[in-house]
**Q** 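Quick one: structure below, then a few questions.
Atoms considered below: every heavy atom in the structure, side chains included; atoms not considered: hydrogens, waters and symmetry mates.
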Amino acid sequence: MDREGDDLSLLEGLCVDMQQHVRRRGSALGQCVLGEMCGRWERDRPRQVMADGSNVEVVDYLYAQAAVLEVLLCEKVWQWAAASGGKFYRKAGDGSPTGVAECCEGAARKRSGKGRELVAAQGKGAASDDVDWPAIKGLKRALEKMRRVYDDEACYLVDITRNAILFENAGDICACLKAIKSDKDVRIERIKNRMHPGFDSRATAGYRDVCINLRISSEWTRHVGVSMHVCEVQLLLVKISENKTAEGHSRYVQLRNSRGE
């Protein structure tokens, strides 16, 4: 087996191990974090919950939490990227966003990734101001998804606070997963390995990544009341990012709309 095949096998093993850990911990926590089978979504979908374990019912509450966590998540992904060869897109010369993170919508998709300058994460310091960091999920899309997919239940919106890290190869993604797993402040709630050869990428218009839903539970986040908020972090290859275009995303939106998602 070649190097790439070895890396993909290691990646699959890590993802399976992490998901099994989530399931074991989820059974111990009852239904505080892991959701029940509910309509079209899977049994182990994480939910946004209050400190007492009840579902979050108000979208504004999630956006208030996201406003607090946004900068902290940038700091965390910078640290994980520095430990694993991760990269980010640099802001445009005028400081305006160029479309760095693949998890963002709207203006952040105006350009393809091809030809854009990358910033390599280094050291354990603060996240770089040169990075084109993603914005919080747009309210219009959040409400659209809540109505179409989640039967108007706000608790299933787990990607309002989100970020993405780019890598040159699957081996570096494995290193990042290990860094995330070893972070004492992180509570992983779900991991999706869309890099698996068996994943049907037709459902995502050819897009592949490793998608992690997690919480940041530190003394500070518990103090300010955001330690239960579930965030999303996408780990993807630079080559996949470079193939994304505004036109391609427009076609994906049309596909998503046709499926009522």
Side-chain angles (χ1 to χ4, degrees), residues 12 15 19 34-48 55-60 62-63 66 89 97-114 116 132 134-166 173 189-214 230-261:
E12 173 60 14
C15 290
Q19 186 63 21
L34 300 184
E36 287 292 303
M37 177 68 78
C38 200
R40 288 184 289 171
W41 54 91
E42 63 267 27
R43 182 180 299 276
D44 60 352
R45 176 173 292 278
R47 293 180 291 131
Q48 302 283 13
N55 289 344
V56 172
E57 298 180 352
V58 181
V59 175
D60 288 351
L62 296 177
Y63 274 86
Y89 284 122
T98 59
V100 52
E102 303 307 312
C103 54
C104 294
E105 316 230 354
R109 293 199 184 267
K110 289 182 179 177
R111 300 186 190 177
S112 164
K114 189 176 292 295
R116 283 186 285 171
D132 186 8
I136 292 172
K137 189 179 189 72
L139 179 59
K140 179 179 181 293
R141 173 55 185 153
L143 294 175
E144 185 178 74
K145 191 173 184 179
M146 187 174 73
R147 168 59 59 89
R148 291 177 175 180
V149 183
Y150 301 142
D151 297 333
D152 289 326
E153 294 192 61
C155 63
Y156 289 103
L157 292 170
V158 294
D159 62 347
I160 291 176
T161 312
R162 67 268 182 86
N163 219 304
I165 311 174
L166 307 175
I173 294 180
E189 303 302 346
R190 179 179 59 177
I191 181 167
K192 286 185 177 181
N193 181 13
R194 291 187 281 227
M195 297 286 291
H196 191 284
F199 172 73
D200 185 358
S201 63
R202 291 176 297 179
T204 55
Y207 177 76
R208 290 178 180 270
D209 67 4
V210 175
C211 183
I212 307 170
N213 291 115
L214 55 84
V230 181
C231 310
E232 180 176 285
V233 176
Q234 296 177 4
L235 313 179
L236 67 154
L237 296 176
V238 172
K239 289 182 179 179
I240 291 178
S241 175
E242 289 179 341
N243 288 330
K244 302 197 76 171
T245 64
E247 293 79 11
H249 179 65
S250 177
R251 290 193 293 271
Y252 171 69
V253 170
Q254 292 175 10
L255 174 63
R256 186 180 68 194
N257 290 342
S258 70
R259 296 188 301 202
E261 297 177 348

**Q** For Glu57, does the CD atom sit with more than 12 other heavy atoms under 6.0 Å from it, leaving out its own atoms?
**A**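 Counting neighbours around CD of Glu57, 12 or fewer heavy atoms of other residues, nucleotides or ligands fall under 6.0 Å, so no.
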**Q** Nearest heavy-atom pair of Val210 and Cys15: which atoms, and what distance?
**A** CG1-SG, 4.2 Å
**Q** When you measure from the side chain of Glu232 to the backbone N and O of Arg162, does any donor-acceptor pair fall under 3.5 Å?
**A** no
**Q** Would you please name every residue forming a side chain to side chain donor-acceptor pair (under 3.5 Å) with Asp209, sequence neighbours left out?
**A**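 If we apply the side chain to side chain donor-acceptor pair (under 3.5 Å) test to Asp209, skipping adjacent residues, the hits are Arg194, Tyr207.
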**Q** For a quick test of reading the model, state the closest non-hydrogen atom pair linking Tyr89 to Val238 and the distance between them.
**A** OH-O, 4.5 Å
**Q** Of the options Lys145, Arg190, Arg141, which is the one that meets Asp159 in a salt bridge (Lys or Arg N to Asp or Glu O under 4.0 Å)?
**A**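 For Asp159, the salt bridge (Lys or Arg N to Asp or Glu O under 4.0 Å) test succeeds with only one of Lys145, Arg190, Arg141, which is Lys145.
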**Q** Taking all atoms of both residues into account, what is the closest heavy-atom pair of Met146 and Val59, and its distance?
**A** SD-CG2, 3.6 Å
**Q** Asp200: what forms a side chain to side chain donor-acceptor pair (under 3.5 Å) with it, not counting sequence neighbours?
**A** Arg202
**Q** Measure the spacing between CD of Glu189 and CD of Gln19 and express it to the nearest 0.5 Å.
**A** 10.0 Å
**Q** Can you see which heavy atom on Ala154 is nearest to which on Leu62, and at what distance?
**A** O-CD1, 3.4 Å
**Q** I'd like to know if the side chain of Arg208 reaches the main chain of His196, judged simply by a donor and an acceptor atom lying under 3.5 Å from each other, with no hydrogens or angles considered.
**A** yes
**Q** Kindly compute the distance separating CD1 (Ile136) from SG (Cys231), expressed to the nearest 0.5 Å.
**A** 10.0 Å
**Q** How far apart are the closest heavy atoms of Thr204 and Phe199, and which atoms are they?
**A** OG1-CE2, 3.6 Å
**Q** Do Val56 and Leu157 have side-chain heavy atoms sitting under 4.5 Å apart?
**A**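 In short, these two side chains do not touch, never coming nearer than 4.5 Å.
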**Q** Would you check, one step at a time, whether the test side-chain contact (heavy atoms from CB on, under 4.5 Å) holds for Leu166 with Leu237?
**A** CA-CA 5 Å; Leu166 307 175; Leu237 296 176; over 6 Å; no
**Q** To the nearest 0.5 angstrom, please state how far the CG atom of Asn213 sits from the CD atom of Gln234.
**A** 9.5 Å
**Q** Out of curiosity, Ile173 CD1 to Asn193 CG, how far, rounded to the nearest 0.5 Å?
**A**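 So the CD1 of Ile173 and the CG of Asn193 are separated by 8.5 Å.
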**Q** Can you name the nearest heavy-atom pair linking Tyr150 to Tyr156, along with the distance?
**A** CE1-O, 3.4 Å
**Q** Tell me, please, which residues at least two apart from Lys239 pass salt bridge (Lys or Arg N to Asp or Glu O under 4.0 Å).
**A** none
